[in-house]
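Values reported hereafter were calculated over all heavy atoms of this structure, with side chains retained and with hydrogens, waters and symmetry mates removed.
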Amino acid sequence: MVQEIFIEGIIENVVYTNPENGYSVLDLSSDGNLITAVGTVPSCSAGEKIKLRGIWVNHPTFGKQFKASACERSMPKSAGDMLRYLSSGTIKGIGPATAAKIVERFGEDTFDIIENHPEELCKIKGISRDKALDIQERFKGQFALREVMISLERLGLNPSECLTAYKALGVNAAERINENPYLLCSDKVGLRFERADEIADGFPREINSLLRKRAGIIHILRHNLGNGHTCLPREKLIIPCFELLGTEREETQEIIDDLIIDKELVEEYIDSKSFLFLPNEHFDEKKIAERIKIMLRFPPAKGKALDKEIDKLQEKKGIHFEEKQRLAITTAATKGLLVLTGGPGTGKTTTLNGILEIFEKQKLRVLLAAPTGRAAMRMSEVTGRQAKTIHRLLETEWTDGDRQHFARNMENPLEADAVILDELSMVDTHIFASLLDALPLGCRLIMVGDSDQLPPVGAGNVLQDIIESGLLPVVALTEVFRQAMESLIVTNAHKIVRGEYPELSATDSDFFFMQRTNIANCARTVVELYEKRLPAAYGYNPIEDIQIITPSRKGELGTVNLNKRLQEIINPPSKDKDDYRVGTKVFREGDKVMQTKNNYDIMWTRGKEHSTGIFNGDIGIITAINHNASFMKINFDGRIAVYPFDGVSDLDHAYAITVHKSQGSEFESVIMPVCACLPQLSYRNLLYTAVTRAKNRLILVGTKEQINSMVDNDKKTKRYSALNHFLIND
């Protein structure tokens, strides 16, 4: 690892700065040399003296640069530095000529004169009293921000953290953090609890331990959002609090009580047991329940008799709706609220298209949505109509404090008479609450999902809770149609759901099993199938037609190792291909990659269409890497996205992906290793979810024992949520 060093200098020129994230390119005068420094140095101006920590790097185009990871700064003190600062145009109303006159007259007292005695500026020709006061106001505003940044840096925050804290806490950020460093790990600022601990440890005085304990309890609840829980039983916090904070049961209970009184936690009794929520999660689940009850009380206007319309639709399409499909269409049209569930081959798509046809016959404005880009694309393909991601439908926007919100809400509802939402099993509590908030009164909502798939990555268990409440109409399609029965993928998927072992002996179907009893042989076979055997047998393009789906990221059969091996084989280094390194990852032109976090700022084009936003789970191919302009282009199923290099850290290679990341997607051919899986990842609905991702071909590689143990394990991961409780209780 390269050892970081310190350099000091005066900013001669700000070549570039991004006001959103503070990333800057600076000409820095240091030890008589003019150097280029790059890094997060927010709100910087020529004339400032700064001390940077970082390393020297060689940019392929711009040559030697100092890449800064941390910055300390001090205000200009000499007349020359003040002149350089004022001449930079930082203070509106002072250009180079005026700056020279001011500094020539007042010398090193210049900043004191501007800040405290602006009337003295009127002695300079061209500066009126009003202009002098305006200069003073602008100067104070600029210096107030810089003073805050300097104060935050002195507390131990890095430049990026300084900017985040300032945006969240305002001009008093330093004072507030100095008083309570654990504000940094609040939801408002968003740093990790461990990072707040590091900063607090650097303070010269001892921090009130109660502040840490309060923040630690909130941290435990927030950490568990990542495990899918919207709440936790109060009793479940005792041991984690002791392990993290050293608090005994009685003290923990007292602190929790104080947090409830201060409204930093919310307590609800569910089945006579105390559950604790963070306020936002409590608000979202309550809001979902309240909105659904309102929709039930005020159903949409009923249409005409539907039986004849459904008969006409059957005749027009040359199809026959079975009893439950017909019930689903009728319920959607008359009641306006419907949960439609069913596994593969049960006719969900046919039913969905029937609902759409009836809605359009009734001249309803219908919007289609899904939780991910790939799920929305699939929905568009099977319906022949445009579907959007929920984020795109709700028109995601950002506040000045970098907080996400949706332009579509109760005050600005969607222009729709009906919304059809696919892949409900993937939708978390917050997104579902936001969607309901944007529905106009009387709008129909049709929710489609497979209740046997994995729950959402985010917090909550919306689909299961709604079904279990019994409050909404639910139509579960269970009959597998004759045509679908010809697919062993479909029949085996239903066997797995029923707890039966899948048929593994077939050699002439779309579902294959290859016995491999040790991990090394299993990994070797998976790679061979991807690289050679499937392309040779079926003419597949590995990158476009084949997807490896594996339970874990770790181990020889995990995504990290498989992606490394496959990149070396499928897309090795070449003089004809540029690449870009981020930590241990090397991204190369031609690589298959996946976005791992929602990024609402990435720009993309598709023909004449222009927009922004690439989302968690989107898969694409790197088509170009431009070192001169520090970006790469990635083709996400026809959307050509431009990625600045500082956004590449949110990418992973995607030759192999986890089952959780595959949700909502469908692939021509799927290869899945099933050998020595971790116990916590060996369960039925994970196997079922992976199997149902395959469209035309599935190959399981591993042992029958592993497959059977996954089928036997129907113990779904426990999720604590309260939506069911709120739905069935007033």
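- Closest approach of E267 to S274, counting heavy atoms only: OE2-OG, 2.6 Å.
- No salt bridge links E281 with R222; every basic N to acidic carboxylate O contact stays at or beyond 4.0 Å.
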Check against side chain to side chain donor-acceptor pair (under 3.5 Å), S380 and Q386 = CA-CA 5 Å; S380 295; Q386 183 188 36; over 6 Å; no
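- Distance check, rounded to the nearest 0.5 Å: CD1 of I621 to CG of D637 gives 8.5 Å.
- Side-chain atoms of Q453 and T689 form no donor-acceptor pair, as typed in the model, at a separation below 3.5 Å.
- The only option from R374, K597, R639 that meets the salt bridge (charged side-chain N to carboxylate O under 4.0 Å, His left out) definition with D618 turns out to be R639.
- With rounding to the nearest 0.5 Å, the separation of CG in L435 from CG in N409 is 12.0 Å.
- In this structure, K286 is positioned above the aromatic face of F726, its NZ or CZ under 6.0 Å from the six-membered ring centre and within 45° of the axis.
- Scanning all heavy atoms of the two residues, the minimum distance from G460 to T429 falls at CA-OG1, 3.2 Å.
- Under the side-chain hydrogen bond (donor to acceptor under 3.5 Å, both in side chains) rule, Q547 has a single partner from R693, E668, K592, which is K592.
- A cation-pi arrangement is not found for R234 relative to F275, the charged atom failing to lie both closer than 6.0 Å to the ring centre and inside a 45° cone about the ring normal.
- Using a 4.5 Å cut-off on side-chain heavy atoms (C-beta onward), Y683 and D714 make no contact.
- Using cut-offs of 30° and 60° on the angle between ring planes, the pair H223 and H219 is tilted.
- With N563 contributing its side chain and T559 its backbone, the two residues share a donor-acceptor pair below 3.5 Å.
- You'll find the side chain of I671 reaches within 4.5 Å of the side chain of I546, heavy atoms only.
- Within the 3.5 Å criterion, the main-chain N or O of T230 finds no donor-acceptor partner in the side chain of E285.
- Contact detail for I358 and A333: the closest heavy-atom pair is CG2-CB, 4.3 Å.
- Salt bridge annotation for R553-D652: present, with a cationic side-chain nitrogen under 4.0 angstrom from a carboxylate oxygen.
- Distance check, rounded to the nearest 0.5 Å: CD1 of I622 to NE2 of H653 gives 6.5 Å.
- The two atoms that bring P473 and L337 nearest to each other are CG-O, 3.3 Å, heavy atoms only.
- Between I420 and I446 there is a side-chain heavy-atom pair separated by less than 4.5 Å.
- Closest non-hydrogen pair, N635 versus G638, comes out as OD1-N, 2.7 Å.
- With salt bridges taken as basic N to acidic carboxylate O contacts below 4.0 Å, none links K293 and E290.
- Counting heavy-atom neighbours within 6.0 Å of Q680 CD, excluding the residue itself, gives a total above 12.
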ask   = Given T346 and T478, is the side-chain contact (heavy atoms from CB on, under 4.5 Å) satisfied, shown in steps?
value = CA-CA 6 Å; T346 57; T478 54; 5.8 Å; no
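- With hydrogens and angles ignored, the 3.5 Å screen pairs a side-chain donor or acceptor of E322 with a backbone N or O of K324.
- Formation of a donor-acceptor pair under 3.5 Å by the R291 side chain with backbone atoms of L439 is found in this model.
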task = Go through F615 and T372 one step at a time and tell me if the side-chain contact (heavy atoms from CB on, under 4.5 Å) criterion holds.
result = CA-CA 7 Å; F615 301 105; T372 67; over 6 Å; no
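- Side-chain atoms of N227 do not come within 3.5 Å of backbone N or O of H229 as any donor-acceptor pair.
- By the 4.0 Å N-to-carboxylate-O rule, K348 lies too far from E479 to be salt-bridged with it.
- By the 4.5 Å heavy-atom criterion applied to side chains, I217 and L265 are counted as neighbours.
- A donor-acceptor distance shorter than 3.5 angstrom exists from the side chain of S552 to the backbone of K554, with no hydrogens or angles considered.
- Counted within 6.0 Å of CD on E323, heavy atoms from surrounding residues, nucleotides or ligands total 12 or fewer; the atom is thus considered open.
- Of the possible polar contacts, none joining the T389 side chain to the P371 backbone as a donor-acceptor pair under 3.5 Å is found.
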request  = Test V448 against V339 for side-chain contact (heavy atoms from CB on, under 4.5 Å), laying out the working first.
outcome  = CA-CA 6 Å; V448 184; V339 177; over 6 Å; no
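- Between I657 and I549, the closest side-chain pair of non-hydrogen atoms falls below 4.5 Å.
- Taking every heavy atom of both residues into account, R719 and G458 meet most closely at NH1-O, 3.0 Å.
- Taking CG of L681 as the reference point, atom OG1 of T658 lies at 9.5 Å (rounded to 0.5 Å).
- Using a 4.5 Å heavy-atom threshold, the side chains of L562 and Y655 count as separate.
- At a threshold of 4.5 Å between non-hydrogen side-chain atoms, the residues Q595 and N616 do not count as touching.
- Of the inter-residue distances, the one linking L356 atom CG with L368 atom CG reads 5.0 Å to the nearest 0.5 angstrom.
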request  = Show your working on side-chain contact (heavy atoms from CB on, under 4.5 Å) between F321 and T350 and close with a plain yes or no.
outcome  = CA-CA 8 Å; F321 295 116; T350 302; 3.8 Å; yes
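- Using a cut-off of 4.0 Å between Lys/Arg side-chain N and Asp/Glu carboxylate O, R697 and D510 are scored as not salt-bridged.
- With rounding to the nearest 0.5 Å, the separation of CG in L424 from CE in M447 is 6.5 Å.
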inquiry  = The test is salt bridge (charged side-chain N to carboxylate O under 4.0 Å, His left out); show your working for E235 and K273 and say whether it passes.
reply    = CA-CA 9 Å; E235 193 63 25; K273 184 186 289 187; over 6 Å; no
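- In this structure, a donor-acceptor pair under 3.5 Å is absent between the side chains of N224 and Y720.
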request  = Before giving the answer on side chain to side chain donor-acceptor pair (under 3.5 Å), spell out for D650 and Y643 the whole-Å C-alpha distance, their side-chain angles and the decisive distance to 0.1 Å.
outcome  = CA-CA 10 Å; D650 291 337; Y643 265 73; over 6 Å; no
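- For the residue pair D465 and S721, a side-chain donor N or O sits within less than 3.5 Å of a side-chain acceptor on the partner.
- L477 is listed as a side-chain neighbour of L340, based on a closest heavy-atom distance under 4.5 Å.
- Judged by distance alone, the side chain of D417 and the main-chain N or O of R365 form a donor-acceptor pair under 3.5 Å.
- Not a single donor-acceptor pair under 3.5 Å links the side chain of H391 to the backbone N or O of I431.
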